[in-house]
Amino acid sequence: MSDVPAATPQDETDAAGRLVAADGTPLKRSLARALRRQKLRALLLIAPLLLFILLTFIAPIADMLFRSVENDIVSRTLPETVETLGEWDYSSGELPDDAAYLALYRDLSVATEYKTHTRLGSRLNYETSGISSLFRKTGRGVEDMGELYQDQFEDLDAAWKEPETWARMMASEEWLAAEDRAATPLELRDGIAGALPNTARAYEQFAEFTQNEDGDDPAEEDPWAYVYAMLWLDLTGPVQMDAYQGPDAALLEAAAEAAPGFESQTWRAGFADIDNDWEDVEVWGTIKAYSGEFTSGYFLNSVDLQLTPEGIEKQDENQRIYLKLFWRTIVMSLAITFSCILLGYPVAWLLANLPMRVSNVLMILVLLPFWTSLLVRTSAWKVLLQQQGVINDILVWIGLISDANRLVMINNVTGTIIAMTHILLPFMILPMYSVMQTIPPSYLRAAKSLGATNWVAFWRVYFPQSVPGIGAGSILVFILAIGYYITPELVGGTKGVFISNRIAYHISTSLNWGLAAALGTILLAAVLLLYWAYDKIVGIDNVKLG
Amino acid sequence: MLDQSADGAFVEFERVQKSYDGETLVVKDLNLSMPRGEFLTMLGPSGSGKTTCLMMLAGFETATHGDIRLAGKPINNIPPHKRGIGMVFQNYALFPHMTVAENLSFPLEVRGMSASEREGKIKRALDMVQMGAFGGRRPAQLSGGQQQRVALARALVFEPELVLMDEPLGALDKQLREHMQFEITRLAHELGITTVYVTHDQTEALTMSDRVAVFDDGRIQQLAPPDELYEAPQNSFVAQFIGENNTLEGVVAELKDGIAMVKLDGSDAVIEAKAVNVDKVGDRTRVSIRPERVETNPDRLQDNAHTLQAEVLEFIYMGDIYRTRLKVAGNENFVVKTRNAPDVARMTPGQTVQIGWLPEDCRALDA
Ligand SMILES: Nc1ncnc2c1ncn2[C@@H]1O[C@H](COP(=O)(O)OP(=O)(O)OP(=O)(O)O)[C@@H](O)[C@H]1O
Ligand SMILES: [Mg+2]
């Protein structure tokens, strides 16, 4: 016969032996060019969809990934403390020195005004419980620490009570002369930052807050107690009075003379007065451990670990739930997928092989659940499965079980698997059906004519060809199941909930979005990993979705 | 495995009827008996029920009425996989998820053959259809003709006694088809296989078969060896369907001793014809004459030959033969084929000629 592959065709080749097109360009290149143009046109056609997907799908996922590691709340709320703690070593077991307390005082004084200290408290409370109330309490007490000095300055000279005194002393002449001081950013007087660095800084923070948050003129508002505390700090430090050339120099000089004699306390003592937890090295350790811009803390929490000042540790016994939940989610999703295959395969087979009229009716039955609300379906299962429910009643009635031993089929793993199998079944049946429909009956006939029994013909000829359908259905069902939320919530009880229920809890109840994002990211990674494994083992080409 | 029944028939259809929908009969009253080793072809137009008959024989369709016997045993009692019938399907039905070699291995595996035994048989079967180099390929990687050959090899590899082939050469080019026709008949005879072969290509049927069953309208119109089918068609359908044929319509004027005198429509001529399928005087009939049996050279006409006046309408030179279209007794599609020989004249359109034929070449069939 003539068409056995033997002859090699005589093609045009260039000097290097590559095939060339009619115009002499290498065949590869001219092909690539033609394809590129085609691709570009295709890309333009789908551009709107691409954009839509990018905005609504990719962007939220990117945001989630970012949230799961983002941690700038500590360094944003306590910038100076974080910087000061850089040199401190937790493992020494000693408390940080007074400079750290001072930094904390400065940060918290501002944060309290902005009310961001409570948010920071809640954030750190995820890591060490009790910190939230400590911060709230400190927020209320930090004012008192400054008032100690404020009172003494005001007793010394009533001028210190006047907002104008402060404004005159701190602000530049231009700013003071400005029309709308509530809106014009404060400009410091020349040299004041050198003379009274801390005070100037504090006054600036005060002015910024007054202008931005209240919309008021700083020159007409009483400065915070914090500003007085800083003034005392400056005046008791190495003073460079000669650098100050503004008005009220005498007032300042008098204050400088009196300040060393003021009643005072160390910053540490001040904090200890508010709450002696501030003398607990754990609290400082936590702040230091979470002072980075990014943290692995959420991810560690997601796998039952925690980032402690000493390093990574296991979560307390009673708080280790996530690994168990992940494992349960995967195992139950596999169980659901498997039972969907078992129940769906025969149905899909019937759909593909029954006469058109019958199979159409059957198809409606398969699709019927799609047209019913998810909640209705799930509630129906409650009615069926509960201990006083239909199934138990029937079993008791026919005497299979006694009234006292009614089966527990809901609010546990069984309930979740049954209800979710029902809900996800169409996602298994439809891809299976679409694949089976394309398998002509002549294959089975051929197998039988070749001597195969019904079973062998099915198993060796029909089944392998239906595997792409099973693969597609399984991927769909598994991925849907692994992220399912509402059904486990309703019929899962405590033993049958999924990781997604925990994610939902963190999003809507505990408001720990970082942890929710980390859990979600791990879930996403798990799905991608399984998808990859599936591709390696079965081959993704073997999946037909329609 | 299968024993020949007492009367020598290996495959038997007896009064078989088949309806798919309960309304129309696709197969009406089929009677057929095949001895062992015969090569029988079912020939007929599309939709005439050929595949249906094959499927009933293979056991994939059940007859609505009547009996089908294989080696004397009613076929209904044997499940398809025990019938030992090799089958080549109209669309090949090669298993797409198996390689060519695995496809061939399948019938051997289900028969529990050892790997070494299988290997030898597969190799032999593939070599037989010149596909030895393609064992590792998937069916999708083969051309239509190659798939066809693999399907043939698969049907033969387990050495069945009966092979059913449903238009196995439909997708092949002419040259390959002729080659395969030859190969299949050679194999069938060498291996002593009983073959039922379905085609709607009459040349294929005539060249390959021991006997041809001409199907139309769910019935076997004629079952005969190829030469008989061509020379002695039993009704006008067969005469028309097999080979080229000239038909002259008329009425039986006289009938005696198997000879009918037919008065042709559209002329006064009365011709003599063999009464094959006419009952009585006054019946309408179609007289059939093969184009190559018409003589145009009056010198060579025998004494008892019948002659008619004809007008030349068209002359076609076809190399080995001349094909001339004439108007005879009002029929404008009367074709005459003459050898291209020095003593045969070329006719020119418009010319009037005298044509004739022997009465025994002229058959009066049903109208
Ligand atoms: N499964 C079926 N259900 C209903 N009608 C059918 C079925 N299979 C075939 N038919 C009908 O039976 C008739 C005979 O079909 P069959 O396949 O036997 O024809 P065939 O002679 O093999 O034609 P072809 O040469 O085109 O293959 C056709 O009219 C066809 O429409
Ligand atoms: Mg057919």
Side-chain angles (χ1 to χ4, degrees), chain A residues 1-9 345 348-349 352-360 431-432 434-472 537-544, chain B residues 21 51 54-55 57-61 79-98 102-113 129-134 137 142-143 145-146 149 151 154-155 157-158 160 162-164 166 172-173 175-176 179-180 183:
Chain A
M1 216 164 304
S2 55
D3 59 343
V4 183
T8 41
Y345 198 91
W349 189 85
N353 288 287
L354 282 180
M356 202 51 147
R357 215 169 329 129
V358 190
S359 75
N360 277 346
M432 275 185 179
S434 78
V435 168
M436 286 181 184
Q437 228 186 358
T438 64
I439 306 175
S442 60
Y443 288 129
L444 273 183
R445 292 178 166 186
K448 281 189 229 170
S449 82
L450 293 171
T453 58
N454 282 337
W455 166 250
V456 172
F458 165 76
W459 182 245
R460 299 257 336 253
V461 174
Y462 194 86
F463 183 77
Q465 294 187 64
S466 67
V467 163
I470 300 180
I537 298 164
V538 186
I540 218 67
D541 318 345
N542 277 334
V543 169
K544 231 189 261 170
Chain B
D21 51 10
T51 300
L54 227 52
M55 287 299 161
L57 186 52
F60 300 122
E61 297 290 350
H81 68 273
K82 291 215 173 117
R83 294 183 189 186
I85 299 177
M87 185 143 183
V88 180
F89 286 81
Q90 201 162 0
N91 55 1
Y92 325 141
L94 294 176
F95 306 140
H97 58 294
M98 299 183 188
E102 283 164 350
N103 262 286
L104 264 70
S105 169
F106 184 82
L108 307 178
E109 276 170 48
V110 298
R111 284 175 173 73
M113 264 178 216
V129 293
Q130 270 101 39
M131 289 291 292
F134 295 85
R137 292 231 199 145
L142 299 178
S143 74
Q146 291 167 336
R149 278 183 275 158
R154 187 177 69 175
V157 71
F158 61 99
L162 175 61
V163 175
L164 312 180
D166 196 350
L172 304 191
D173 64 65
Q175 206 179 354
L176 190 55
H179 177 87
M180 286 304 294
E183 285 293 307

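Side chains are part of it too, since the values below use all heavy atoms of this structure and drop only hydrogens, waters and symmetry mates.
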- [ ] For B/E109 and A/R460, run salt bridge (charged side-chain N to carboxylate O under 4.0 Å, His left out): C-alpha distance rounded to whole Å, both residues' side-chain angles, the deciding distance at 0.1 Å, then the answer.
- [x] CA-CA 11 Å; B/E109 276 170 48; A/R460 299 257 336 253; 2.7 Å; yes

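At least one side-chain heavy atom of B/F60 sits under 4.5 Å from a side-chain heavy atom of A/S449.
Looking at B/M98, only its side chain comes within 4.5 Å of chain A, counting heavy atoms on both sides. Heavy atoms of B/L94 lying under 4.5 Å from chain A belong exclusively to its backbone. For B/F95, the parts lying under 4.5 angstrom from a heavy atom of chain A are both the backbone and the side chain.
Note: A/V461 leads A/N454, A/L444, A/V461 in heavy-atom pairs under 4.5 Å with chain B.
Here the closest non-hydrogen pair linking B/R83 and B/A58 is NH1-C, 3.3 Å.
The aromatic rings of A/Y462 and A/W349 lie perpendicular to each other, with more than 60° between the two planes, well past the 30° mark.
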